[in-house]
Structures are given as structure tokens and as C-alpha cells.
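Computed from a predicted model, the values in this text were never measured in an experiment. In this chain, numbering begins with 1 at the start of the sequence shown.
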Amino acid sequence: MSNQPAMWHRPVPADDRDGNATDAQGDGEGDDEGSRGGSRPPAYQFPGYQPAGYQPSGYQTPAVPSPADRRSAPPAPAPAPAPAPAPAKHEPRAGLDTTAVLPYAGSRASTRTRWLRAWMMTAPVDVLALLTPLLVTQQYWRGTLAMTVLTVIVFASGGLYRARRHVSFLDEVPSLCGRLLAAASAVAIVAAMRHESAEYVFGFTRGVAASAGLVILGRAVTREFAIVARKRRWVEHNTIIVGSGPTAVELARLLRRYPQYGLRFVGCVDTPDGPSALPLIGSLDDLDSLVRLRECDVVIVADANCSETSLMEILARPRTAECDLWAATPLWGSRSHGDHIGAVPVVSIGDITLSGPQSALKRASDIAFASVALLLLSPVLLICAVATLIDGGPGIFFYQERIGRHGRPFNIIKFRSMRPVDEHESQTNWSIANDRRVGPIGRIMRRTSLDELPQLWNILRGDMSVVGPRPERPYFVEKFSAEYPQYAMRHRVPVGLTGLAQVSGLRGDTPISDRARFDNFYIENWSLWLDVKVVLRTVTEVFRAGGR
């Protein structure tokens with residue numbers, strides 16, 4: 001019977017130790033002798049374990065001393081301390097040990113589908129589903145059309161036509177049902193008031209219920225088709241990530257691994273103070289040109305430490321402003337009510353410039369308002385023209401160069417309230433509120449803002465909008481843009497006859513920084529109702545004579 005001890009360790013050759021050095025670093029490239037018939041134990045066995053009957057070549061069984069020898073033998077010396085392990089060749093920084101993701105090539109189909117948006121598929125399907133009852137009967141066609149229009153408006157206001165990164169039909173069901181019920185109730189109440197017949201109302205309600213069911217079914221189909229199109233990379237949008245820290249690394253990995261988000265990672269731009277853990281394609285200052293060169297449609301901000309002022313200034317540049325903007329919130333697990341990519345909450349940043357359908361809607365409302373206002377106020381315009389002629393002689397109108405959208409100059413039209421000495425005074429004199437050359441009629445017109453009415457013609461021409469940042473002269477635009485970083489961002493949208501800053505008391509000699517802050521808030525939170533509110537408050541200011 002062998003006196004072999006129960007536990008023993010196999011001597012490791014030098015070449016084997018060198019080969020395992022790479023394995024210790026975790027790259028998975030070490031040799032697996034067990035899989036090739038060698039004598040190394042399988043990878044899942046703990047160190048020191050050997051199968052029964054294992055005898056390495058060249059091994060001799062050690063002699064076992066007797067009890068007497070053990071008693072007479074001198075005490076064994078204390079074992080020498082084990083040498084400290086050699087430092088690893090590469091120590092990843094904390095939070096940045098995720099494998100970097102390199103940009104990858106886009107699919108051939110996605111180059112032809114860049115213009116597609118989510119609402120282009122969901123909105124037509126919703127309209128067809130809502131109009132389906134007309135195929136059965138024409139009796140309720142007025143109510144059906146009203147239901148269709150109202151439902152689409154309610155869906156759009158609730159964000160049900162916005163693109164989402166995490167597409168899930170089940171997430172939309174509560175909002176769909178609630179808004180369908182609200183629209184159907186409003187139309188049904190009107191139908192009940194117009195038709196006292198219970199049979200008519202009941203028949204109309206059945207058609208509404210059928211169309212609502214078709215809307216939900218259609219939404220389920222369109223969402224499933226969107227997921228399939230993204231997974232097969234029929235539709236994907238090039239994406240640049242701002243930042244290169246742990247959040248950016250995680251987002252890049254998720255976009256590469258899960259194509260159902262519909263985004264193709266093309267690279268990161270580094271922020272001034274951000275760490276670098278991803279291959280960079282440029283700096284933050286190069287973002288606008290990189291968006292054009294890489295044909296990007298989406299920009300994700302993933303660096304919470306980036307200066308908001310410098311970031312918003314760059315995002316407001318023409319090319320970047322046309323992209324869909326998303327921000328990765330740093331509060332992971334904070335019950336975010338926005339969208340998410342994997343486990344990273346992302347929030348859609350509202351359009352920081354007016355473009356697309358919003359721009360068309362605002363322009364249509366401007367044309368309608370200016371046309372009606374010129375027609376209704378024509379007697380007032382005539383009275384003002386005659387009063388200006390009496391007060392200051394010939395030369396009713398005053399033309400002055402102002403800066404409009406994207407820095408384009410145009411000539412603004414106003415009723416003349418005084419005559420400047422020369423053109424230089426007209427361009428560089430900040431305020432004439434206390435100027436003695438302003439006559440009594442001109443002073444009344446300025447206080448009631450009646451001198452601004454000819455600008456309705458500027459609105460019709462497209463130089464201005466009804467509501468927007470007030471246009472300023474080139475001299476002061478250059479001066480204020482150099483002094484206040486946010487001032488130049490006002491020119492992302494058309495300038496306006498009135499604005500949020502003006503109705504908030506910021507007229508005349510008021511801080512320019514406050515004006516710029518209000519104007520940028522208006523741009524980034526624009527809605528048609530916000531324009532209506534500003535116009536109503538402007539009318540109130542006019543009757544209160546709250547002008548200059």
C-alpha cells in the first residue's frame with residue numbers, strides 16, 4: 001500500500017507558468033490542456049484537486065518518518081513568508097473596466113431610411129383605424145371625422161407619436177386607453193346634445209368602440225414591426241455620444257449589443273474635463289462638423305460634469321440642432337419617467353430650435369394672425385399714419401436694420417416717432433425714452449406700442465414672427481453676444497413682434513442677461529398655447545400703456 005499523502009501539488013514547469021500569466025489577467029487566451037487530452041484538471045475543479053490514480057511522470061513517493069524519528073528531530077524552521085504577488089501589467093481605472101466598443105459600419109438599408117420617423121407609420125395606421133366605421137355605414141360620418149381629428153390631436157399632445165428608444169406596446173396601453181376614452185367621451189357628449197335619439201347615440205358609440213379597438217390592435221402591430229425593423233437593421237440612426245466616462249461606455253456597449261434601440265454608435269466626443277475610456281472621434285467643439293461628416297441623427301449627452309452653458313451653445317449650432325437630443329440622467333434607479341436604454345435612464349431633450357412640423361405650424365399661425373390683424377386694425381393704422389404726419393411731417397415710416405434668425409439682417413418697419421441726427425445715432429443709441437425730440441404723439445404711440453404695428457407686414461414677408469425674441473440692431477447684437485454667452489442663442493428662431501421677455505417686464509433699460517434667459521426659455525419650451533398666452537398678455541400691456 002502506498003504511503004502517498006492525501007493532498008499534493010503538481011510542480012509547474014516554467015513555460016506553463018508563463019503561459020498562465022495571461023490567464024490571470026482574464027483575457028481567456030490561456031491553453032486548456034484538459035480539452036486536448038493533457039494532464040491538467042478541468043477548469044471547473046478547485047486548485048489542488050486531482051482525479052484518483054493520478055501519478056505525474058517523475059514523481060517519487062516520499063518516505064514517511066517513524067514516531068521516534070519525529071520526536072528526536074529538531075523543530076522545523078518557520079516557513080518563509082510568501083513573496084508579494086507581482087503587480088498586474090494593467091490596472092483598469094475604477095468605473096472604467098468595461099470593454100471599449102469601437103464604432104462599426106452601418107447597414108446598407110439604413111442609408112436609405114434615415115428620413116423615416118416613428119410617427120410616419122403610427123399616425124397613418126391610427127387614422128385608418130379611426131375611419132374604419134365609415135366602411136360599414138355613412139350615418140355617423142360627422143362624428144367619426146370629429147373623433148379622428150380629436151384623437152390624433154390628443155395622441156400628439158401626449159407624446160404618443162414621439163420616437164422612443166425602448167419600444168413596448170404594453171407601456172403605451174394605459175395612455176392609449178385613457179386618451180381614447182377622453183376623446184370618445186367628448187365627441188359622444190356633443191352627439192347626444194345634437195341628437196336626442198338614444199338609438200343614434202348607441203349606434204355611434206358602438207362604432208367608436210370598434211375603432212378604438214382597431215387603434216390598439218394597429219399600435220401593437222406597428223410597434224412589433226418597428227422592433228423587427230430595428231433588429232434587422234433596416235432602420236437605424238447614427239449616434240454620437242457626448243462624454244467618455246462610465247455612462248458613455250455602458251451606452252456604447254448597449255447600442256452595439258441591442259440593435260432594437262435603432263441607434264448605431266459611431267463614436268464619442270470628449271468633454272474638457274471628462275475621462276477617456278472610449279475611442280474618441282473629436283472634441284466637443286468639433287461636434288457640429290462631426291454630425292455633418294458622420295451623417296448623425298441622434299446625439300446622446302452622457303457627461304453630467306460638462307458645463308451646461310458651453311454644451312447648450314454647441315447643441316444650438318445649425319447641424320447639431322437638427323438632431324434628436326437625449327440626455328443620460330446620472331441618477332440611476334431614480335424612478336425616471338422618461339425612456340431608457342438598457343438600465344440607463346435617458347430623457348428626450350425638447351427641440352432647442354423650431355424646425356419641421358413645429359416650424360410649419362408656427363409659420364401658418366403667423367400668416368393667419370398677421371392677415372387678420374392687418375384687416376381689422378387698418379383703421380387704427382390709418383389714424384396712426386395721419387397722426388405721425390401731423391407730429392413730424394413727411395416720412396411716416398421708419399426703416400432700421402435689425403438681425404433676424406440665424407444672424408440674417410433685415411429692415412424693420414415702424415411708425416416714426418422722432419428723427420435721428422444721422423444713421424450712426426440710429427444704430428448705436430440704446431434708448432430714446434427720455435429724448436426731448438420725441439413729440440407728444442410719438443410718446444403716446446411708443447407707450448401703447450402702436451408704433452410697432454407696421455411690423456405686421458414684416459411678419460407676412462417672413463422676416464419676423466408674431467412671438468419671439470425681439471430683434472436688435474447689428475451693433476448691439478455683436479456687443480451683447482461678446483458679453484453674454486447665451487445672447488447669440490436667441491437667434492435660433494425667427495424674431496418676434498412681441499416676446500416672453502417683453503410681457504415679463506423686460507423692456508427698455510433692463511438686464512440683457514435676463515432677456516436672453518427668458519428668450520431661450522421660450523425657444524426651448526415653445527408651444528402654440530405659449531404663443532397665445534404671450535399675445536394675450538401683450539394686449540393687456542397695450543391697454544395698460546406699459547410700453548417704453
Side-chain angles (χ1 to χ4, degrees), residues 98-122 159 161-169 171 222-270 277-282 284 287-288 290-303 311 315 319-330 332 336 338-352 356:
T98 306
T99 304
V101 178
L102 297 177
Y104 49 94
S107 65
R108 183 176 302 176
S110 64
T111 59
R112 298 189 294 268
T113 58
R114 287 186 57 212
W115 56 275
L116 288 176
R117 294 297 182 266
W119 64 269
M120 297 179 182
M121 179 173 58
T122 54
Y161 294 129
R162 296 175 186 169
R164 294 184 60 85
R165 303 277 59 88
H166 181 78
V167 177
S168 173
F169 164 69
D171 291 342
T222 55
R223 289 313 189 197
E224 186 62 27
F225 180 78
I227 294 175
V228 172
R230 287 180 176 183
K231 285 184 176 180
R232 299 195 176 189
R233 300 183 66 188
W234 295 340
V235 179
E236 63 180 0
H237 300 284
N238 296 343
T239 303
I240 288 180
I241 298 178
V242 177
S244 56
T247 305
V249 172
E250 179 68 8
L251 283 172
R253 184 185 67 82
L254 290 169
L255 296 184
R256 181 66 181 90
R257 185 173 182 180
Y258 301 105
Q260 62 263 32
Y261 293 117
L263 303 178
R264 169 183 167 249
F265 171 67
V266 299
C268 287
V269 294
D270 200 14
L278 283 175
L280 304 175
I281 60 175
L284 186 60
L287 181 60
D288 196 58
L290 288 172
V291 166
R292 177 179 56 85
L293 293 174
R294 301 300 177 97
E295 297 182 337
C296 287
D297 304 307
V298 179
V299 173
I300 302 179
V301 181
D303 189 353
L311 179 62
L315 293 180
R319 293 282 184 177
T320 309
E322 295 176 359
C323 296
D324 293 338
L325 301 178
W326 295 78
T329 59
W332 288 25
S336 173
D339 208 342
H340 61 93
I341 298 176
V344 182
V346 292
V347 177
S348 176
I349 302 176
D351 292 335
I352 61 174

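Proximity of a side-chain donor or acceptor of Arg294 to a complementary backbone N or O of Ile240 within less than 3.5 Å is not detected. Of the possible donor and acceptor atoms, none in the side chain of Arg164 sits under 3.5 Å from a partner among the backbone N and O of Tyr161. In this structure, Arg230 contributes its side chain and Gln260 its backbone to a donor-acceptor pair below 3.5 Å. Side-chain N or O atoms of Trp115 include one that pairs as donor or acceptor with a backbone N or O of Arg112 at under 3.5 Å. Put simply, the side chain of Tyr261 gets close to the backbone of Gly342: a donor and an acceptor are under 3.5 Å apart.
One distance of note links OG1 of Thr320 with CZ of Arg292; it measures 11.0 Å at 0.5 Å rounding. Taking CG from Asp288 and CG from Leu293, the interatomic distance works out to 10.0 Å, rounded to the nearest 0.5 Å.
Residues Leu325 and Val301 have side chains not in contact (no heavy-atom distance under 4.5 Å, counting atoms from C-beta outward). Using a 4.5 Å heavy-atom cutoff, the side chains of Thr239 and Leu251 are not in contact. Side-chain contact between Leu263 and Ile300 is present, with at least one heavy-atom pair separated by less than 4.5 Å. The side-chain heavy atoms of Arg223 and Ile227, taken from C-beta on, include no pair separated by under 4.5 Å.
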Output, in order, the C-alpha distance, side-chain angles, deciding distance and verdict of side-chain contact (heavy atoms from CB on, under 4.5 Å) for Ile341 and Glu250. CA-CA 10 Å; Ile341 298 176; Glu250 179 68 8; over 6 Å; no

Worked check of side-chain contact (heavy atoms from CB on, under 4.5 Å) between Ser107 and Glu236: CA-CA 8 Å; Ser107 65; Glu236 63 180 0; 3.4 Å; yes

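Exactly one residue among His237, Arg233, Arg232 makes a side-chain contact (heavy atoms from CB on, under 4.5 Å) with Val235. That residue is His237.
Heavy atoms only, all atoms of each residue included: Cys268 and Phe265 are closest at SG-CE1, 3.7 Å. Residues Ala248 and Gly243 share a closest heavy-atom pair of CB-O, 3.5 Å. Contact between Ala343 and Leu254 at its shortest, heavy atoms only, is N-CD1, 4.5 Å. Pairing each heavy atom of Glu295 with each of Asn238, the nearest pair is O-ND2, 3.2 Å. Residues Ala328 and Thr247 approach most closely at CB-CG2, 3.9 Å, considering heavy atoms.
A salt bridge does not link Arg165 with Asp339: none of the charged nitrogens is closer than 4.0 Å to a carboxylate oxygen.
Within a 6.0 Å sphere centred on CH2 of Trp119, other residues, nucleotides and ligands contribute 12 heavy atoms or fewer.
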